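Encoded as structure tokens, the structure appears first; notes follow it.
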Amino acid sequence: MTLRIRTFEEYEAVYQESVENPEAFWAAQADTFFWRKKWSKVLEWDFRKPDIKWFLGGKMNITENCLDRHLKTRGDQVAILWEPNDPGEAAKTFTYRELHAEVCRMAHVLKKHGIQKGDRICFYMPMIPELAIGLLACARIGAIHSVVFAGFSAHALADRINDATCKMVICADGNYRGNKSIPVKEVVDIALQNTPSIESVLVAQRTGQEVHWQSGRDFWLHEEMKTASESCEAEEMDSEDMLFILYTSGSTGKPKGVVHSCGGYMVYTAYSFKNVFQYDEGDVYWCTADIGWITGHSYIVYGPLLAGATTVMFEGVPTYPDAGRFWEICEKHQVNQFYTAPTAIRALQAQGDRHVTPHDLSKLKVLGTVGEPINTEAWEWYHRLVGKNKLPIVDTWWQTETGGIMISPLAGITWLKPTYATLPLPGIQPCLVNADGVELTENNVEGLLCIKFPWPSILRTTYGDHERCRLTYFSHFEDMYFTGDGARRDENGLYRIIGRVDDVINVSGHRMGTAEVENAINEHPQVVESAVVGFPHKIKGQGIYAFVICTEAPADDEAFRKEVRQVVTEEIGPIAKPDKIQIVSGLPKTRSGKIMRRILRKIADGTADSLGDVSTLLDPAVVEEIRAGVL
Ligand code: 7RM
């Protein structure tokens, strides 16, 4: 089994070893898995291309490590514990044996519909077991999954399907989230009007609502599963074969399809899961993320199952039927490790302590957060109310592109410092550089966060556009992966992530490109130009502030704002709706026509008294006008 570090001294020693001899370190990790054929070389890399390969020549299938390997030792242990939206509905469990059988059956269904190794399948699903089973079924036969978060619009879904030329969509009839039900299949139907590569649609039955049916294209998953066999030989995959694509936002308008490969992702997710959460045999672990994001991929599905854990999967939302739901579930399923996002903590904190205190949280051992910087108040509340002043909080910094947790405490083993992600995991070599790319080697500094050496689950490319991958991550600083984040390193070498230094904002832990939102706003016929920035938001971390120039002054500002929000909802989804929309007559631009977002950010967060250097500004009067009209 994967190496697990148990003392601080061991952490320091192992970290040192991992830097001095990374290949030996990672080979020892990889050795704990089942390989059909062992690798012949641990690592080959060139960040300039980039060309990164791990465990070269190794043959394996990640599902044999998630499932088959556990059958003898823990076949009857619960693998997935599914908690429905409605607390009155019974939870469902799948033991490792049952999960194995379901995955095999679904793999046969995929094959029957012509899916072969290398084909792309798009998932647009609520948080139901069929989603996890579906991902594993793809991995079983070597198909590549591309999950699109079910909060995205039909338009956004179609773009992602087309970018990856997916052959199949797997969805549900509808979903339940709180007291809302979303017509999932309807959104898919709209998207598929414009997706020539799609041949078939598998529909999981969840709500039983009526759906439009295109015979010959649409198939009920439960019908197809009935006759499928419970055993299915796993496809032999090369370490470097593609495992999945996951779209994420960047500073340009178009989301990128981040590509992860089989071997390295397997090794890293299992390793990081075990060490960060200090998972013990028999524990119940719960990550509240949606599988539509990387956190769900790595730390609901792959990491925990590789480690033979019991992983909880929750369909609902933190505030339904009330703000005590998370703690009720922790009590009910005797959760030992609980992993959530700062935005959820802030939202629950705002509802008051009385939702937490009645629940028995005595089984909890480890708390975690991910997705955005956590503020001191939220950290302290989480620590005091949920952790009863004694549980470690692992503030885990990582990204879609890193595949797994990079900088984080190891629960109960390494130091904690509120709002600090603290120390890199062994095998991870972060550094801070200044704008010229010069490494800042001393402590007590702030800079741009880069990683100097590859790790097994680093992204391999961006789907269909390798040059974009190079430009985005490997071109800013020579021989380094650039994260897009700024960070501080304190006098003891602990890292605190400050936030994005590019045009990406983080709204409730969801990554969003400002250009993406601007493009959506610009679809409104009355909009000439727009500029979007983030501003501090009490619950969401960052809110979306849009400055908009109109063809002519709207007759009714509020009605216009509503229309703009509607356009954004249609183009991207409700998560991208601007919180504030200010109608302006011009935008602060440089003489070369570039929008000076720095100024807009200062106006939006109310710190515009000191605008810094504005000498390049074309028309200073516009700044005064915008400042006077700030919302
Ligand atoms: C896992 C995930 C990545 C961006 C990243 C950061 C921010 C993530 C933390 C954090 C401060 C953290 N993937 N971020 N974790 N900032 N502290 N613990 O969120 O691709 O969706 O986003 O999220 O800016 O670059 S992601």
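When a ligand or atom number is given, it counts from 1 through the structure's own listing order. Keep in mind that what you see is a predicted model, and the values were worked out from it rather than measured.
The N/O atoms of Glu401, backbone and side chain alike, include none that comes under 3.5 Å of an N/O atom in ligand 1.
Between Gly371, Gly484, Gly499, Gly296, it is Gly371 that holds the heavy atom closest to atom 23 (O) of ligand 1. When the heavy-atom distances from atom 24 (O) of ligand 1 to Asp485, Ile505, Thr396 are ranked, the shortest goes to Asp485. Checking Tyr420, Trp293, Trp398, Tyr495 against atom 3 (C) of ligand 1, the nearest heavy atom belongs to Trp398.
Note: Phe152 and Phe149 have perpendicular aromatic rings, judged against thresholds of 30 and 60 degrees for the angle between ring planes. Aromatic ring pairs are classed by plane angle as parallel below 30°, tilted from 30° to 60° and perpendicular above 60°; the pair Phe338 and Phe326 is perpendicular.
The Val370 neighbourhood of ligand 1 comprises atoms 1 (C), with distances under 4.0 Å to a heavy atom of that residue. Numbered from 1 in the order shown, with element, the atoms of ligand 1 that lie under 4.0 Å from a heavy atom of Ile294 read 1 (C), 13 (N). Counting the atoms of ligand 1 from 1 in the order shown, those under 4.0 Å from a heavy atom of Thr295 are 1 (C). Atom numbering of ligand 1 starts at 1 in the shown order; those under 4.0 Å from a heavy atom of Asp395 are 12 (C), 17 (N), 18 (N).
At the top of the distance list for atom 17 (N) of ligand 1, counting protein heavy atoms only, stands Glu372 O, 3.4 Å. If you check which protein heavy atom lies closest to atom 20 (O) of ligand 1, you get Thr400 OG1, 2.6 Å.
With a heavy-atom cut-off of 4.0 Å, Asn506 touches ligand 1 through its side chain alone. The proximity of Arg511 to ligand 1, defined as any non-hydrogen pair under 4.0 Å, is limited to the side chain.
Asp579 and Lys540 are joined by a salt bridge, as a carboxylate oxygen and a charged side-chain nitrogen come within less than 4.0 angstrom of each other. Salt-bridge formation is not detected for the pair Glu377/Lys538: no Lys NZ or Arg NE/NH1/NH2 atom is positioned less than 4.0 Å from an Asp or Glu carboxylate oxygen.
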Report the C-alpha distance between Tyr495 and Trp397 in whole Å, list the side-chain angles of each, state the deciding distance to 0.1 Å, and finish with yes or no for ring pair (Phe, Tyr, Trp, His ring centres under 6.0 Å). CA-CA 10 Å; Tyr495 287 87; Trp397 174 82; 8.8 Å; no

Mind running ring pair (Phe, Tyr, Trp, His ring centres under 6.0 Å) on Tyr473 and Tyr481 for me, showing each step along the way? CA-CA 5 Å; Tyr473 308 105; Tyr481 165 83; 5.6 Å; yes

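When atom types are taken as modelled, the side chain of Asn85 and the backbone of Gly178 share a donor-acceptor pair closer than 3.5 angstrom.
Checked against His297 for a ring pair (Phe, Tyr, Trp, His ring centres under 6.0 Å), the options Phe244, Phe273, Tyr302 give a single hit: Phe244.
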